Undergrad: 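Structure in structure tokens, see below.
Note that the coordinates shown come from a computational prediction; the quantities given were computed from them, not determined experimentally.
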Amino acid sequence: LQDDSAAYGAALSEYDVANRGVVIMVEKCYDTLAIMLGTLFASGYYVPVDPSVPPVRLAHIVATLGSPLLVADEEALRGLQLEDACKIVSLEELHSQRAGIQQRDAVEPASLSTDPAYVLFTSGSTGAPKGVAVSHGAIISFIDEFVSEFGFERSDRFANQAPFDFDVSVKDIFGSLAVGATLVIVPRRLFMQPKALVEFLDEQRVTVMVWAVAALCMVNTFRAITSDSLTTVRKVLFSGEVMPLAHLKSLLASLPDAEFVNLYGPTEITCNCLYHRVDRAKDGAAELPLGKAFGHCEVLAIDEEGRRIVEPGQKGEIIVRGPSLALGYIGNREATEKAFAPNPLNSLYGERVYRTGDSAMLTRCAQRQSDQVPRAPNRTGRDRQGVRRVLRRRQVPMRLRFQKEPAMRVLRRNGLRERASRSGGIIASRFHEADAHRESAEHAAEQEREGGPCDAPGIARRTGEAREG
């Protein structure tokens, strides 16, 4: 995947995409992912778009981005009339250009941690679609905490359910890259065949499912999970909407050995800011709590006057602060200034918070020692409270934490260096050659013993064959 992405990056650099958007209107597959990461190699930002997008929405996206490059297969290009709005290149042409590039270091990323890595457009259900621009640094901040909190490992196999134009897929893509795990791209057609879908997941020996609630409910509705299926799954993380209790109980019974986690967070704060580990002995009688904050951010509630809510029973708006906030809405300064507003609780220096628009009520419950979150060395003493403040839509336990922004650093995992200092780009990283060769040899030997594939590191292709990454 590293080599393929770099090659696509070299091909894309010929179109001068540095600091520009690359609209990728291709069905979800291995090459789509390689082009997305290749865009980062070329110092641009990728904008995944569903190939079936209505022409009006596509025209709005292109106009909002200014002068993007649009990549689509020849079938999707038929009938498009965007020649005057952007440069268009077919997937087939780009693939041909990529095939002629052999040198791994053909392109050097030049992105900073504050540069956008991707732009995802909202549905537009409350108005015109807005493009949420997320930086390299924001991704690193969230993913570092995400993989650490849930203990993902190189041996894990992520089943990618979400389309690439939904931020649920960000956790699959960068979570698996961060730990060197396998990402299995689940074909879209299988979601019309629940039993075939579960059989596919079994064949791929998936261990992690970071899925939308609707997808899990669909599988459960058709009773596709049997007592002897999905036995390798060890973690199920869900988000997007409230999980119906009936479905949760059924899923817990179907997967007795898996850990279930409820996630909350809008796209504008980079995936998630709150999480709740489902307690099989207690959860199920009432709506699931949103949970406590991830360590890289702080989640608060304020009233209509912008004052922090500190007393139980008070209602207010959820706001989020921290390094994973998006850059804003691309090409929409007015909406950006409204949603990414100055912190009303900080009058000493300029600081942005994201105003979610979600209401919450602060309540108080007894603090148990087992509920304590291990203290990090860079966390202040303010979370040493004998009484835990909790936030919920109805009753949402959540620790209100104060944490310094993580120092930018060089991370090395499985031979992959994430340069978060100068380049800032998650994919601006380079393999440490010695480790890469050693681990490739070890991995190939392991795969040969198991009788599985042992080709280059990467992501499961559209046919389903797994490529370890």
Side-chain angles (χ1 to χ4, degrees), residues 1-26 31-49 61-62 64-72 86-89 91 93-95 97-98 100-121 131-143 164-165 167 169-170 173-174 177-178 270 323-324 326-331 408-411 416-431 459:
L1 179 63
Q2 176 92 355
D3 291 339
D4 289 341
S5 299
Y8 271 121
L12 288 167
S13 65
E14 296 298 319
Y15 297 94
D16 191 24
V17 300
N19 300 314
R20 290 173 55 204
V22 176
V23 178
I24 304 171
M25 200 168 68
V26 181
D31 282 317
T32 310
L33 180 58
I35 294 171
M36 289 162 55
L37 302 184
T39 300
L40 303 186
F41 268 103
S43 302
Y45 51 90
Y46 64 84
V47 187
V49 173
I61 290 173
V62 169
T64 300
L65 293 171
S67 180
L69 175 70
L70 189 147
V71 179
C86 65
K87 172 67 177 178
I88 298 176
V89 59
L91 173 63
E93 180 182 356
L94 188 65
H95 183 76
Q97 294 172 346
R98 185 211 70 84
I101 298 172
Q102 300 296 330
Q103 188 176 355
R104 179 175 183 160
D105 295 330
V107 61
E108 282 290 336
S111 298
L112 300 176
S113 63
T114 52
D115 289 333
Y118 64 77
V119 173
L120 298 181
F121 276 80
V132 182
V134 176
S135 70
H136 289 260
I139 300 173
I140 293 172
S141 174
F142 169 71
I143 291 297
F164 288 160
D165 57 338
D167 72 340
S169 67
V170 172
I173 295 169
F174 293 105
L177 282 174
T270 309
S324 63
L327 297 171
Y329 301 115
I330 195 162
M408 301 307 284
R409 58 208 180 276
V410 176
L411 302 176
L416 180 63
R417 284 203 267 181
E418 296 172 357
R419 289 207 173 109
S421 52
R422 293 185 180 178
S423 68
I426 269 187
I427 305 304
S429 52
R430 302 292 306 283
F431 274 100
I459 308 298

Undergrad: Determine, stepwise, if the pair Y8 / H95 fulfils side chain to side chain contact (heavy atoms under 4.5 Å, CB included).
TA: CA-CA 8 Å; Y8 271 121; H95 183 76; 3.0 Å; yes
Undergrad: Do you know the tightest heavy-atom contact between S43 and A110?
TA: OG-N, 2.8 Å
Undergrad: So P116 and S135, do their side chains get closer than 4.5 Å, heavy atoms only?
TA: no
Undergrad: I330 vs T64, test: side chain to side chain contact (heavy atoms under 4.5 Å, CB included). Steps then yes/no.
TA: CA-CA 7 Å; I330 195 162; T64 300; 3.9 Å; yes
Undergrad: Between V119 and P48, what is the shortest heavy-atom contact and its length?
TA: O-CD, 3.8 Å
Undergrad: Search all heavy atoms of A117 against all heavy atoms of I139 and return the closest pair with its distance.
TA: CB-CD1, 3.6 Å
Undergrad: Nearest 0.5 angstrom please: S5 OG to L33 CG, how far?
TA: 6.5 Å
Undergrad: Are any non-hydrogen side-chain atoms of Y45 and D115 less than 4.5 angstrom apart?
TA: no
Undergrad: Centroid separation under 6.0 Å, is that true for the rings of Y118 and Y46?
TA: yes
Undergrad: Provide the closest heavy-atom pair for A42 versus S13 in the form atom of the first, atom of the second, distance.
TA: CB-N, 4.1 Å
Undergrad: Could you grab the distance from atom CE of M36 to atom CZ of F41, nearest 0.5 Å is fine?
TA: 14.0 Å
Undergrad: Should V23 and L65 count as side-chain neighbours, where that means a heavy-atom distance under 4.5 Å?
TA: yes
Undergrad: Below 4.5 Å, heavy atoms only, C-beta onward: do Y329 and V132 meet side chain to side chain?
TA: yes
Undergrad: Restricting to non-hydrogen atoms, name the atom on L70 and the atom on C86 that form the minimum distance, rounded to 0.1 Å.
TA: CB-SG, 4.0 Å
Undergrad: Please give me the minimum heavy-atom distance between V62 and P68, naming the atom from each residue.
TA: O-CD, 3.7 Å
Undergrad: Drop me the distance from T32's OG1 to L37's CG, to the nearest 0.5 angstrom.
TA: 11.0 Å
Undergrad: Report the C-alpha distance between I143 and L177 in whole Å, list the side-chain angles of each, state the deciding distance to 0.1 Å, and finish with yes or no for side chain to side chain contact (heavy atoms under 4.5 Å, CB included).
TA: CA-CA 10 Å; I143 291 297; L177 282 174; over 6 Å; no
Undergrad: Would a 4.5 Å heavy-atom cut-off, applied to side chains only, mark V49 and I24 as touching?
TA: no
Undergrad: So, applying side-chain contact (heavy atoms from CB on, under 4.5 Å) with V71, which one of T39, I88, V22 is it?
TA: V22
Undergrad: Under the 3.5 angstrom rule, does the side chain of R98 hit a backbone N or O of G9 as a donor-acceptor pair?
TA: no
Undergrad: Would the distance check show the side chain of S141 and the main-chain N or O of G137 forming a donor-acceptor pair, the cut-off being under 3.5 Å?
TA: no
Undergrad: Is any side-chain heavy atom of V134 closer than 4.5 Å to a side-chain heavy atom of L120?
TA: no
Undergrad: Answer whether the closest heavy-atom distance between the side chains of D167 and S169 falls below 4.5 Å.
TA: no
Undergrad: Please evaluate residues F164 and I173 with respect to the criterion side chain to side chain contact (heavy atoms under 4.5 Å, CB included), reporting the C-alpha separation (whole Å), side-chain torsions for both, the decisive distance (0.1 Å), and the verdict.
TA: CA-CA 9 Å; F164 288 160; I173 295 169; 3.9 Å; yes
Undergrad: With heavy-atom distances below 4.5 Å as the criterion, would you say the side chains of I35 and L91 are in contact?
TA: yes
